[in-house]
K.L.:
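Handing you a structure now.
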Amino acid sequence: MAQVPVPHELTGWAVHHPGPIAAGPLVSVRRPVPVPGPDELLLQVEACGVCRTDLHLAEGDLPPHRPETVPGHEIVGRVAAVGESVTRFQVGDRAGGAWLRGTCGNCRYCRAGRENLCPASRYTGWDADGGFAETTLVPADYAYALPDEQDATSLAPLLCAGIIGYRALRRSALPANGRLGIYGFGASAHLAAQVALAEGATVHVLTRSAAARELALALGASSAGDAYARPPEPLDSAILFAPVGDLVPVALEALDRSGTLAIAGIHLTDIPVLNYQRHLFEERNLRSVTSNTRQDGRDFLAIAARIGIRVTASPYPLSRAPQALTDLAADRINGAAVLVPE
């Protein structure tokens with residue numbers, strides 16, 4: 001059995017006082033390395049993606065569920081220790097931790113295969129410490145087996161940006177060979193776009209970032225324009241990744257009859273008043289996206305491997321986690337930011 005070295009003390013970052021990122025809501029912490037419970041894995045973190053949800057938590061858009069929580073939920077690591085009840089993983093395996101951390105398994109939503117709506121659901125980096133650290137605990141039943149050969153930096157964004165983007169794509173009800181509009185083009189969007197393109201969709205990207213528009217065209221989008229611009233043709237489906245409520249009526253108005261807009265984020269600024277005739281009539285649909293199921297994760301990771309999904313990632317050393325969040329807040333990151341322990 002392979003051995004994975006574990007420090008006696010972990011170094012990481014925790015949300016101290018949620019507030020504007022310029023005010024420094026993250027603080028450096030040193031803590032004892034946690035001991036896995038019966039059903040947990042201790043991961044030696046190889047990489048952790050930086051998600052916009054981490055920014056929302058740090059800035060207080062999402063109220064903290066506990067004090068001094070270590071954020072981060074796109075975790076790639078090596079199993080350093082396992083709890084006594086764990087059978088799926090052993091020391092030395094590569095595993096991933098994601099946003100969804102636990103559900104009750106018994107409610108009407110869990111029983112119906114809709115565990116993402118479980119009222120008792122728990123989340124990594126919100127209800128328990130996450131991956132902005134050298135080590136972290138992950139419940140084995142909510143961990144993903146990951147390939148050994150792939151670079152950890154390119155794997156990490158798949159574990160939330162990829163999975164949530166995939167669920168948003170499915171929630172958008174995109175028909176076969178349909179016309180998809182994507183509003184905002186960061187970590188999640190650039191992965192969802194590749195799945196849509198591989199499945200035969202025509203993709204139009206609308207974003208304020210010139211660099212993101214260039215990336216969209218390089219990945220195969222048919223057009224890339226400003227976030228408030230009109231796409232070159234009516235859309236069958238659209239996904240709003242930018243957390244900007246002002247874009248909801250813009251995207252709805254771009255839909256063809258019976259089109260669907262899926263809002264992918266966990267947080268959105270206020271939506272302006274909608275005009276029924278312009279935005280909703282002719283059976284246009286408006287949907288939200290809430291977390292994901294484990295099956296979403298398994299399905300997406302299989303598709304990503306099959307199509308050879310291309311991850312555009314900007315690595316940051318773990319010591320520069322605050323800078324990564326600052327750059328994310330300022331839209332200075334092309335693709336996904338990923339923290340790498342030093």
Side-chain angles (χ1 to χ4, degrees), residues 49 51-52 154 157-158 160-244 246-256 258-265 284-287 289 299-301 303-314 327-328 331-338:
C51 179
R52 189 164 290 275
S154 63
L158 302 183
C160 178
I163 296 171
I164 291 297
Y166 173 77
R167 184 168 184 86
L169 179 62
R170 295 297 181 243
R171 290 282 291 165
S172 76
L174 181 66
N177 303 310
R179 301 160 295 177
L180 175 68
I182 293 180
Y183 289 80
F185 204 71
S188 196
H190 92 287
L191 300 174
Q194 292 178 66
V195 176
L197 288 163
E199 295 177 345
T202 298
V203 174
H204 300 290
V205 170
L206 301 113
T207 179
R208 67 181 182 179
S209 167
R213 292 195 292 269
E214 291 179 10
L215 175 59
L217 294 172
L219 291 173
S222 293
S223 73
D226 183 76
Y228 291 88
R230 190 84 173 191
E233 60 181 333
L235 305 172
D236 298 302
S237 301
I239 306 172
L240 176 58
F241 286 104
V244 181
D246 285 350
L247 287 172
V248 171
V250 172
L252 285 170
E253 198 166 357
L255 292 175
D256 205 347
S258 81
T260 299
L261 169 63
I263 300 175
R284 294 182 179 91
N285 305 288
L286 178 60
R287 292 178 166 183
V289 177
D299 290 346
F300 169 70
L301 290 172
I303 290 171
R306 186 175 73 246
I307 69 175
I309 206 162
R310 172 182 159 190
V311 178
T312 299
S314 299
D327 290 346
L328 180 61
D331 284 336
R332 289 194 292 261
I333 295 170
N334 203 21
V338 180

K.L.:
Would you call L169 and F300 a side-chain contact if the rule is heavy atoms closer than 4.5 Å?
P.N.:
no
K.L.:
Any carboxylate oxygen within less than 4.0 angstrom of a Lys/Arg side-chain nitrogen, looking at R52 and D331?
P.N.:
yes
K.L.:
Rounded to the nearest 0.5 Å, what's the gap from CG on L158 to CD1 on I303? Could you check?
P.N.:
12.0 Å
K.L.:
What is the distance from atom CG of N334 to atom CG of D327, rounded to the nearest 0.5 Å?
P.N.:
12.0 Å
K.L.:
Would you give the length of the straight line joining atom OG of S222 to atom CG of L217, rounded to the nearest 0.5 angstrom?
P.N.:
9.0 Å
K.L.:
Identify the heavy atoms of A193 and V203 that sit nearest to each other, and give their distance.
P.N.:
O-CG2, 4.3 Å
K.L.:
Minimum heavy-atom separation for S314 and I333, please, with both atom names.
P.N.:
OG-CG2, 4.2 Å
K.L.:
Yes or no on side-chain contact (heavy atoms from CB on, under 4.5 Å) for R284 and E253, after CA distance, side-chain angles and deciding distance?
P.N.:
CA-CA 9 Å; R284 294 182 179 91; E253 198 166 357; over 6 Å; no
K.L.:
Which pair of non-hydrogen atoms, one from I239 and one from A264, has the smallest distance, and what is that distance?
P.N.:
CG2-CB, 4.1 Å
K.L.:
Ignoring hydrogens and angles, tell me if any N or O in the side chain of S237 forms a donor-acceptor pair with the backbone of S172 under 3.5 Å.
P.N.:
yes
K.L.:
Roughly how far, to the nearest 0.5 Å, is CG of L180 from OG1 of T260?
P.N.:
11.0 Å
K.L.:
To check you understand the geometry: which heavy-atom pair defines the closest contact between P157 and V311, and what is its length?
P.N.:
CG-CG1, 3.8 Å
K.L.:
Measure across A198 and I307 and return the closest heavy-atom pair with its distance rounded to 0.1 Å.
P.N.:
CB-CG2, 3.9 Å
K.L.:
Considering non-hydrogen atoms only, spot the tightest contact between A189 and F241 and give its length.
P.N.:
CB-CD1, 3.4 Å
K.L.:
Start with the C-alpha gap between Y228 and V244, add the side-chain angles, then the distance that decides, and say whether side-chain contact (heavy atoms from CB on, under 4.5 Å) holds.
P.N.:
CA-CA 11 Å; Y228 291 88; V244 181; 3.8 Å; yes
K.L.:
Under the side chain to side chain donor-acceptor pair (under 3.5 Å) definition, can you give me all pairs with a residue in residues 178-194, not counting sequence neighbours?
P.N.:
R179-D236, R179-D256
K.L.:
Could you grab the distance from atom CD of E214 to atom OG of S209, nearest 0.5 Å is fine?
P.N.:
8.5 Å
K.L.:
For the atom pair CG (D226) and OG1 (T207), what is the distance rounded to the nearest 0.5 Å?
P.N.:
8.0 Å
K.L.:
Has R287 got more than 12 heavy atoms of other residues, nucleotides or ligands less than 6.0 Å from its CZ?
P.N.:
yes
